[in-house]
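The structure under discussion appears below in the form of structure tokens.
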There are 2 protein chains.
Amino acid sequence: MKFEAVTIKDIAKALGISTSTVSRALRDSYEISPETKQLVLDCAEKLNYRPNPIALSLKEKRSRSIGVVVCEIANSFFSQIINGIESISYDRGYNVIISQSHESYEREVMDLRYLASRSVDGLLISVSTETNDISHLKALHEKGLPIVFFDRITEEINTHSVIVDNFKGAYEATEHLVQNGYKRIAAIANSEFLSITTERLAGYREALLSNGLPPDDAYIKHCFYGGMIFSEIEEAVNRLFTLKQKPDAIVTMADKLTSGCLKTLKRRGLTVPDDIALVGFSNSDIAELISPPLTVVRQPAYEIGRDATELLLQLIESKRPVKQFEKRTLTPELQVRESSFPKK
Amino acid sequence: MKFEAVTIKDIAKALGISTSTVSRALRDSYEISPETKQLVLDCAEKLNYRPNPIALSLKEKRSRSIGVVVCEIANSFFSQIINGIESISYDRGYNVIISQSHESYEREVMDLRYLASRSVDGLLISVSTETNDISHLKALHEKGLPIVFFDRITEEINTHSVIVDNFKGAYEATEHLVQNGYKRIAAIANSEFLSITTERLAGYREALLSNGLPPDDAYIKHCFYGGMIFSEIEEAVNRLFTLKQKPDAIVTMADKLTSGCLKTLKRRGLTVPDDIALVGFSNSDIAELISPPLTVVRQPAYEIGRDATELLLQLIESKRPVKQFEKRTLTPELQVRESSFPKK
DNA sequence: GTGAAAGCGCTAACAG
DNA sequence: CTGTTAGCGCTTTCAC
């Protein structure tokens, strides 16, 4: 059930010339006479000739496709990133093959195996929250597969990466709460080894410290599965409320955690920000429609995708091995709304 | 900058046998002696041999990839669909190449040309809101490209399609409003020629009629760009408020329109549902967190993607031309929340 | 039971 | 300026 495509051979036959002449004419080679060129071009047009990318890939030993691994497509932050990835790849004639890890290390390893078997020319990845051991990535990298990390990166592999200033994002969110009169600010983050966790918690701690509030680890909760299991977030929140000194504000360090946390607070019948304030990393387009309108740290997701793709294509298309790597850091934005209004 | 892959040739050389023997051994052909087979298998294992999918594609004249065209990835409904598409394709060893039309007809045509040039084995598409003329799709279909439509379908091409019962979804949403005491129920929909528009508006009209409320076209507004331009929705809403008899409720017929409409209502300082009630098609995971919690028609998006992919792979892998086509209709669910609470 | 050779669509080195 | 040929990795007749 597949339609027969027109090949270079058909053109050659139609014109009574050799395939190589056709090939050269199509690529506008200087060796071909203008007349022949025109003839070939016209014929190609007439027969509606389309070069077969697979044959080209086989020849050039490149697939013109890149692999993308994210935890979840149906997450505003990542779908916006994919949007950015897609826009650049499309322009440059690359396919994008998307895989989801669903925050599972095991699934991530499988995804990578799959992408490698589809011989992608390069890889864009934000590791799963479960991923601590990155030997699967190292192996690919050592074999020469160009990789660019974004969002959740690793220092263990020397290559380009694109992130936002996570420290700053969390710092500003936390300091904003302090300035609005909140004193016992808790944090809910992903697993401990994730780069975004470390960086964001560092910003959070520093903001507390420089505002004279000693950070207390009892106020920091981790979600090992990144909130893929709702009960995980629920439990983290509930735990915070068992403390003698209940928190009066929470900073959530990722999209999924932000919505999950708010959901939990509501189910507990708490009013935000009167009972407890909330600021979270979130790229939801409807943060302003939420009740209460959410104060968020919003990341330039489209730009992250775009930049990561540009860097990756640069690696892929570079003639000589790239030795200098760039860690591009974009700036997140704190969007203040009601969920963090000054404490009464 | 690409790593050299192990080929069948390397194995042959290492073992001092021919490539055809290796090929046959790997495919477990009956013609090869068990000993040779084992030898080859072991060697392949040792060298970490991976078949080159591109070479296979060239030979088999199939790419093992399918193209997907949606208006926008960063839209809950579509990202959930893609999630479903991805899960099936992954299991069956197919790549998914995603393109976005951004609700532009022109862009859709370009996407299709691109996908065709990448020689996808099949196509999953939900047409853009601008798409009225589908000759570009017809051309591909006639050439033999298997196509499955989902969500926004067309009757002009005889093939499988997967939708939800749009009539029912809109009917229930509208009737629910009527039962809660609303009398002047407006509708905001996509462009007129879209299948979802026709079907949903039919359900809306029928619900009004069978409840003794004559439908009035002045209460129906279309967004030609599907709300990709926010001002479009804003204007639609504003127009409704210029009517002598202002509406007391709105039904929005798509995700983007729902959030856009609510945003507009809020900016106008209106309270939902006291000033005006709202029910909309939406697959947002945080509909319950919105202020007020939104009554929505939720579609089984993951299942739509899953079913559409199954049907497509069925077409692709079918030995004989398929003549019988299925229009699979899933059931949407009305989730009642505050935004449509009984009129006071 | 195994090997040699052709061919998928295309490019490129080598001849004229 | 154009044609011949080989080869990318793999499968598959066709010989032996």
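Order of the sequence lines fixes the chain letters, A, B, ..., with proteins taken first and strands second; residue numbering starts at 1 for each chain.
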Answer yes when E155(A) and K327(A) have at least one side-chain N-carboxylate O distance shorter than 4.0 Å, and no when they do not. yes
Taking atom CD of E31(B) as the centre, report whether more than 12 heavy atoms of other residues, nucleotides or ligands fall under 6.0 Å from it. yes
Do any side-chain nitrogens or oxygens of K9(B) fall under 4.0 Å of OP1 or OP2 in dG7(D)? no
Closest nucleotide among dT2(C), dA12(C), dT11(D) to the I32(B) side chain: dT2(C)
On DNA chain D, check which nucleotide each of T19(A) and T7(B) is closest to and give me the residue with the more 5' one. T19(A)
From CG of L39(A) across to C1' of dT2(D) the rounded distance in Å is 14 Å
Please state how far atom NZ in K59(B) lies from atom P in dT13(D), giving the value in whole angstrom units. 8 Å
Expressed in angstrom and rounded to an integer, what is the separation of R64(A) atom CZ from dC10(C) atom P? 16 Å
How close or far is atom P of dC8(C) from atom CG of L58(A), stated in whole angstroms? 13 Å
Protein-nucleotide distance (D28(A), atom CG; dC1(D), atom P), rounded to Å: 13 Å
Between T21(B) and dT2(C), is there a contact of a side-chain N or O with OP1 or OP2 at under 4.0 Å? no
Taking only N and O in the side chain of S57(B), is any of them less than 4.0 Å away from OP1 or OP2 of dC8(C)? no
Which nucleotide sits closest to the side chain of R24(B): dC8(D), dC10(D), dT12(D)? dT12(D)
Taking only the side-chain heavy atoms of S18(B) (C-beta and beyond), determine which of dT12(D), dA4(C), dC10(C) contains the nearest atom. dA4(C)
Step through it carefully: locate the ring centre of H136(A), locate the ring centre of Y105(A), and say whether they are under 6.0 Å apart. yes
Less than 4.0 angstrom from a charged side-chain N to a carboxylate O is my criterion; do R64(B) and D121(B) meet it? no
Which one, dT2(D), dC10(C), dT11(D), comes nearest to the side chain of S23(B)? dT11(D)
Atom CD1 of I54(B) and atom C1' of dT11(D) are separated, to the nearest Å, by 17 Å
For the pair made of CD in E60(B) and C1' in dC10(D), what is the distance, rounded to whole Å? 9 Å
Closer to the 5' end of DNA chain C via nearest nucleotide, is it R50(A) or I17(B)? I17(B)
Counting side-chain heavy atoms from C-beta on, which of dC1(D), dT11(D), dA13(C) comes nearest to T36(A)? dC1(D)
Within the structure, does a side-chain N or O atom of Y30(B) lie under 4.0 Å from either OP1 or OP2 of dT2(C)? no
Starting from C1' on dC8(D), measure out to CG on N52(A) and report it in whole angstrom. 13 Å
Any chance you could measure R27(B), atom CZ, to I32(B), atom CD1, to the nearest 0.5 Å? 12.0 Å
